[in-house]
Amino acid sequence: MKLSALLFWAAAPLAAQSVAGRLEGRMPAAAIPVVDSLVQVAAGERLPTEPLVQKAIEGGAKHVSGERIVKAVEANLVQLRTARALLAGAGDTAPAAREILSVVAARKRGLGDPVIARLVAALPSQPRSAALHAVADLEAHGFQADSGANLILEAVRQSMSGGRLLDVAAAAIQETQRGHTHDEALAIVRAELPNVPTAPPPAQAAVQRARRPIAASGPPEH
Amino acid sequence: MNPLDPRLHQALDGDGPGGNLPPALERQRARLEQAAVLLATGRESPSVAARVMATVRHPLPARRARLLRWLFTPRAIVLRIRPAWSLALAAGILLVSLLPAPGPQLPLGAEEGIAQFVARFPGARSVSVVGSFNDWQPDQIPLEDRDKDGVWRGVVVLPAGTHEYMFVVDGERWVPDPLAGRYVEDDFGRQNSLLIVRAEKR
C-alpha cells in the first residue's frame with residue numbers, strides 16, 4: 001500500500017508534465033498553459049487528469065475558442081472534486097479513478113446526488129458504474145430515480161452485476177413500451193429477476209470487420 | 001397372396017388321399033387342375049410374339065442415346081448401411097450445421113468489447129465516428145455505406161467502459177448519434193452521445 005502511494009505521488013507530476021505536449025496543435029495555443037495548470041492542480045489533488053485532457057482535446061477538435069475550452073476544463077475539475085466528495089460522504093474515502101468518473105458521468109446524465117449516494121453506499125465493494133448508468137437509463141425514460149434504484153439494488157441482491165444491471169433497466173423500459181405503466185413495469189421485472197433477457201452479442205460477420213482505433217501519435221490534420 | 005391349404009397342396013402333389021377333401025377345397029383343386037392344363041397346352045399370343053420380334057429386330061440406339069437413357073432412367077439404389085453409422089453421420093451433419101461459421105476473429109482482450117455504430121445520413125459523402133476513445137480525431141474511424149442506401153455502419157473494438165462520441169458528417173458537421181439513447185452535455189453547448197461497451201469475454 002505504501003509502495004503504491006509512493007508510485008502514485010511520483011507518477012502524478014509526470015502525468016501533468018506530459019499534457020502540454022499532447023495538447024500542442026490540438027487546441028488554441030494561448031489556452032494550453034491554463035489548461036496545463038488546471039491539469040496539474042487536478043494531479044496535485046490526486047484527481048484523474050485524463051478527463052481534463054480529453055475535454056481540452058474535444059474542444060479543440062470541435063473548433064471551440066480557447067476561453068470556452070478553459071471554462072469547460074474548469075467545470076470538469078469541479079465535477080471531479082464534487083464526485084469525490086460525494087463518494088467520500090457515502091463511505092468511499094479513497095475511491096478509484098474509475099469510480100470518480102462513474103459518478104461524474106451519472107451526475108452529467110442528471111442523476112441526483114441523493115440517489116448516487118444511496119447506490120454508492122449500497123455497493124461498497126464493487127464497481128458502481130453499471131448500477132449508476134442503469135438507474136440513469138430508467139430515469140431518462142420517466143421512471144422515478146428512487147424506484148429505479150430500488151429495482152437495481154434488488155437485482156444486485158440477487159447476485160446480478162455489471163452489464164446485467166443494464167439489462168434489468170432495459171427490460172423495465174421495454175415493459176413500458178409494451179403499454180405498462182412505470183410502476184407495473186418495475187413490478188414485472190422485479191418478479192422476473194434475475195431472469196431478464198441478455199443483450200445479444202454482435203454478429204460474427206460484424207466482428208470480422210472490427211477495427212481497432214489507432215492510438216493518437218501526433219496533432220490532427222485540421 | 002393367400003397361402004395354399006396344406007391338404008390341397010398334398011392333393012395336387014398326389015401325396016394325400018384324393019377324394020377326401022371338403023367340398024370347398026375340392027372345387028378349388030378342380031379349378032387349379034384346369035388352369036394347369038391350360039398353361040401346359042397354351043400358345044403365346046401372336047401379338048406378344050410380334051412385339052418381341054419388333055424389339056429384337058430394332059437396331060440398337062446410338063451410344064450417346066443409350067448413355068442418356070441410362071442417365072435419366074429411374075433406378076432403385078439400395079444403400080446398405082449399419083444403423084450405427086447412419087446415426088453417426090446424422091449427428092455429424094447436425095454438429096456442423098450448429099457450429100458457428102469459422103472466420104478470422106480479432107483477439108479481444110479481457111477488458112475489450114465491440115461497438116457497432118449505425119447512422120442514417122442520406123446524401124452524405126463521408127461519416128466518421130469520433131470520441132474519447134480516439135482523441136476526437138475525425139477520419140480515423142470512418143463508417144461505410146456499402147450499398148449506398150444512406151445508412152452508414154462501422155464496428156470498432158474499444159476498451160470496456162463508458163465513452164462519449166459524436167458523428168462527423170462530410171468532415172465538418174458534428175452530430176450526436178440519434179440512436180444512442182444516452183446523452184451528456186459536452187460543456188460546449190451541445191450534447192455528446194454516450195456509449196457503454198461491455199467486455200466481450202464475460
Side-chain angles (χ1 to χ4, degrees), chain A residues 22 26 50-51 53-55 57-65 68-69 71-76 79 98 101-102 104-105 107-110 129-130 133-134 136-137 140-141 162-164 166 170 173 198-199 201-216 219-222, chain B residues 100-109 112-118 129-142 144 146 153-166 168 171-172 174 181-192 194 196-200 202:
Chain A
R22 279 184 69 187
R26 292 186 172 178
E50 185 59 22
V53 178
Q54 283 294 326
K55 188 52 65 180
I57 291 173
E58 178 188 346
K62 291 180 176 176
H63 303 290
V64 175
S65 70
R68 289 191 72 182
I69 291 174
K71 280 186 179 175
V73 173
E74 279 178 332
N76 275 262
Q79 286 268 11
R98 68 178 180 188
L101 298 180
S102 296
V104 168
R107 295 184 83 241
K108 278 188 167 183
R109 292 191 66 191
S129 175
H133 278 298
D137 284 353
H141 284 82
R164 289 291 286 150
L166 298 172
I173 292 163
T198 309
Q204 287 290 317
V207 176
Q208 289 172 25
R209 294 196 296 122
R211 290 176 300 251
R212 203 179 296 272
I214 304 159
E221 294 173 0
H222 59 89
Chain B
Q105 293 185 19
L106 286 182
L108 290 177
E112 285 185 323
I114 296 165
Q116 299 186 66
F117 297 98
V118 180
V129 61
V130 295
S132 47
F133 40 79
N134 69 346
D135 276 359
W136 300 91
Q137 292 190 54
D139 304 327
Q140 204 178 71
I141 307 176
E144 294 177 338
R146 290 187 175 181
R153 302 166 198 274
V155 184
V156 188
V157 176
L158 294 176
T162 308
H163 304 277
E164 294 182 27
Y165 71 101
M166 288 185 92
V168 180
E172 54 187 20
W174 290 58
R182 299 183 179 103
Y183 303 92
V184 290
E185 298 299 323
D186 74 346
D187 301 313
F188 303 117
R190 304 176 69 178
Q191 283 192 320
N192 288 333
L194 197 68
I196 300 174
V197 176
R198 301 189 195 191
E200 196 62 27
R202 300 173 202 176

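Chain letters run A, B, ... following the sequence lines, proteins first, then strands; residues in each count from 1. This one's a predicted model, so the numbers in the text were calculated from it and none came from an experiment. Heavy atoms only: backbone and side chains are in, while hydrogens, waters and symmetry mates are out.
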**Message:** For B:Phe117, give me all partners under ring pair (Phe, Tyr, Trp, His ring centres under 6.0 Å), at least two apart in sequence or on another chain.
**Reply:**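 Here the qualifying residues are B:Tyr165.
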
**Prompt:** Quick one: ring pair (Phe, Tyr, Trp, His ring centres under 6.0 Å) partners of B:His163, sequence neighbours excluded?
**Reply:**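 Applying ring pair (Phe, Tyr, Trp, His ring centres under 6.0 Å) to B:His163 gives B:Phe133.
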
**Residue among B:Thr162, B:Val130, B:Val168 with most heavy-atom pairs under 4.5 Å to chain A** =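 Of the options given, most contacts go to B:Thr162.
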
**Message:** Counting only non-hydrogen atoms closer than 4.5 Å, does A:Leu166 touch chain B with its backbone (N, CA, C, O), its side chain (CB onward), both, or neither?
**Reply:**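 Both backbone and side chain.
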
**Message:** Between A:Arg164 and chain B, with a heavy-atom cut-off of 4.5 Å, which part of the residue counts as in contact: side chain, backbone, both or neither?
**Reply:**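 Backbone only.
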
**Prompt:** Between the side chain of A:Arg68 and the main-chain N/O of B:Phe188, is any donor-acceptor distance below 3.5 Å?
**Reply:**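 Here the side-chain-to-backbone pair exists.
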
**Minimum heavy-atom distance A:Ala61-B:Trp136, with the two atoms named** =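 Shortest heavy-atom separation between A:Ala61 and B:Trp136 comes out as CB-O, 3.3 Å.
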
**A:Ala105 to B:Val184 - nearest heavy-atom pair and separation** =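 Where A:Ala105 meets B:Val184 most closely, the heavy atoms are O-CG1, 4.5 Å.
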
**Request:** Given side chain to side chain contact (heavy atoms under 4.5 Å, CB included), test A:Lys108 with B:Leu194 step by step and report yes or no.
**Result:** CA-CA 11 Å; A:Lys108 278 188 167 183; B:Leu194 197 68; over 6 Å; no

**Side-chain donor-acceptor pair present, B:Asn192, A:Lys62, cut-off under 3.5 Å** =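 The answer is yes; a qualifying pair exists.
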
**Prompt:** Between B:Ser132 and chain A, which part of the residue has a heavy atom less than 4.5 Å away: side chain, backbone, both or neither?
**Reply:**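 For B:Ser132, the contact with chain A is made by backbone and side chain together.
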
**Message:** Do A:Arg22 and B:Asp135 make a side-chain contact, defined as non-hydrogen atoms from C-beta onward lying under 4.5 Å apart?
**Reply:**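 Yes, at least one pair of side-chain atoms sits under 4.5 Å.
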
**Request:** May I ask you to test the B:Glu164-A:Lys55 pair for a side-chain heavy-atom distance under 4.5 Å?
**Result:**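 B:Glu164 reaches A:Lys55 side chain to side chain.
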
**Request:** Among the options A:Gln54, A:Lys71, A:Glu58, pick out the one with the most heavy-atom pairs lying under 4.5 Å from chain B.
**Result:**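 Among the listed options, the one with the most contacts to chain B is A:Glu58.
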
